Each structure stands twice: as C-alpha cells, then as structure tokens.
Chemist: 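Below you'll find the structure I mean.
Note that the structure is a prediction, hence the values are computed from the model and not measured. Counting convention: from 1, in listed order, for ligands and their atoms alike.
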Amino acid sequence: MSTWANLGLQDSASPLMEQLIFFHDHALLILVMITVLVGYLMFMLFFNSYVNRFLLHGQLIEMIWTILPAVILLFIAFPSLRLLYLLDEINEPSVTLKSIGHQWYWSYEYSDFNNIEFDSYMIPTNELTTDGFRLLDVDNRIVLPMNSQIRILVTAADVIHSWTIPSLGVKVDGTPGRLNQTNFFINRPGLFYGQCSEICGANHSFMPIVIESVPTNYFIKWISN
Ligand code: CUA
C-alpha cells in the first residue's frame, strides 16, 4: 500500500504491474530527454545574434525534426501496445472472483466454490483498531491464493464504480448491465489495498478494497470454512 510521502508508484505485487512500472520509467525517460532538449533550445534563443537574417529554408534540418519525433513516438507506441494486449490476456484462471459495486460498498462472490458471497464495508474511523488503516480497512477481506492466475469479473448494481488495486496493476470499471473481465497473478503474500476510482457519489472515497494474498493451502482452508 501507499504510505506517507510516497509520490511514485507502489511496489508491484504482480508481473503485469512490474511491466507497467518498466513502461512508465521508459516513457518518463524519453519525456525528460525531450523536455531538456526543447528547454535548452528555447533558452539559447535569448542569445540569438540574428546572423542568419536572410535564411529562408533548411531542407536537412526540417527532414530531421519531422522524422525524428515520429521515430521517438514509435518507441513509446510499440511497448505501450504490447502492454495493452498483455493486460487483456486471460491465462487459464484457477479462481474466479466476482465483484459487484454498490453505493457504497463492494460485494464479492466466489461462484466456483460453494457460491460463497459476502459484502465488504469500510471500517469507520471510530471502530478502527490500533493496527488498522483509516479509510482503507474493510470488515470482510477478499482472500485469494498467491502464485495462481485469478480472474476477476466486475459489475455494478447502481452507478459506475471502479475496482482498482494499484499494486496489482488492476483497474476495471463496474458498470450496471455490463460484465467486465480481467485477470491478475499475485506473486507474494500480503495485504493489498485499493479504492473505487470512478466518481460514484457521496461516499465514493469510503468503499475500499482489501485483498489478503495467502498460500494456496490456506486459501483452500479458508474457502471450505
Ligand atoms: Cu464506487 Cu467511487
């Protein structure tokens, strides 16, 4: 989860989020190089001595500054498309979790294990224990096995919500009347926090998501109660 003064991305807990961070760093590096170059050129204009007052055309430089930006854009576009299609790939999931957004809480269904279903509400500040995280902890956590492919189906019962876990690189809108699908793979145990990220009403900020990632045998034990 994010803690104080953490302005960058959260540590990844899935291979896809790892790839997203790599792409972010790659794109940012190109952005910085362009900004520095353009900034330098603009700054140097202040010291222009107008020695080329009668210059009307420059075929070579115009070729360079037309083609070079196009090539630079390709270096961003191709990795971006690769990631886009990679994020959409479904790799034989072993667990399917159904997640329904409500005003203002999430409800979950494990349809392939005895149809287990429950609601997940945020714990209010005045009922929080000392080790709880304010505005982030919930009464019923999602328990999922680590090192397995997990499919998540997201929908909503009233307005549009969004099921978002930054450390897993997952953000799926829950839309009434539609069923959205994505998948992820958690590569370590722990607690992963997320929040709704579609402006869904007065208590939009108060419907967090908590995933408890556990070894598979613990998950089997939990699911069979
Ligand atoms: Cu649900 Cu914002």
Chemist: Could you tell me whether Arg141 and Asp139 have a side-chain N and a carboxylate O separated by less than 4.0 Å?
Modeler: no
Chemist: Group every Ile, Leu, Val, Met, Phe, Trp and Tyr by side-chain heavy-atom contacts under 4.5 Å, then state whether Ile223 and Val143 land in the same group.
Modeler: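 Yes, one cluster joins them.
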Chemist: Examine Phe219 together with Phe113 and report whether their ring centres are nearer than 6.0 Å.
Modeler: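 Ring centres of Phe113 and Phe219 closer than 6.0 Å.
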Chemist: Looking at His161, pick out the N, O or S atom nearest to atom 1 (Cu) of ligand 1 and give its name.
Modeler: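 Within His161, restricted to N, O or S, atom 1 (Cu) of ligand 1 is closest to atom ND1.
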Chemist: Got a donor-acceptor contact below 3.5 angstrom from the Trp163 side chain to the Cys196 backbone?
Modeler: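 No; judged by distance alone, with no hydrogens or angles, the pair does not exist.
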Chemist: Of all the heavy-atom pairs spanning Phe206 and Met122, show the shortest one and how long it is.
Modeler: O-CB, 3.6 Å
Chemist: Taking atom 2 (Cu) of ligand 1 as the vertex, what is the angle from SG of Cys200 to O of Glu198, given to 10 degrees?
Modeler: 110°
Chemist: Are any N, O or S atoms from Cys196 nearer to atom 2 (Cu) of ligand 1 than 2.8 Å?
Modeler: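 A backbone or side-chain N, O or S atom of Cys196 is under 2.8 Å from atom 2 (Cu) of ligand 1.
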Chemist: Looking only at N, O or S atoms, find the one in His204 nearest to atom 2 (Cu) of ligand 1 and name it.
Modeler: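 Looking at His204, the N, O or S atom with the least distance to atom 2 (Cu) of ligand 1 is ND1.
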Chemist: Within the stated cut-off of 2.8 Å, is an N/O/S atom of Met207 closer than that to atom 1 (Cu) of ligand 1?
Modeler: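 Checking atom 1 (Cu) of ligand 1 against Met207, an N, O or S atom does fall under 2.8 Å.
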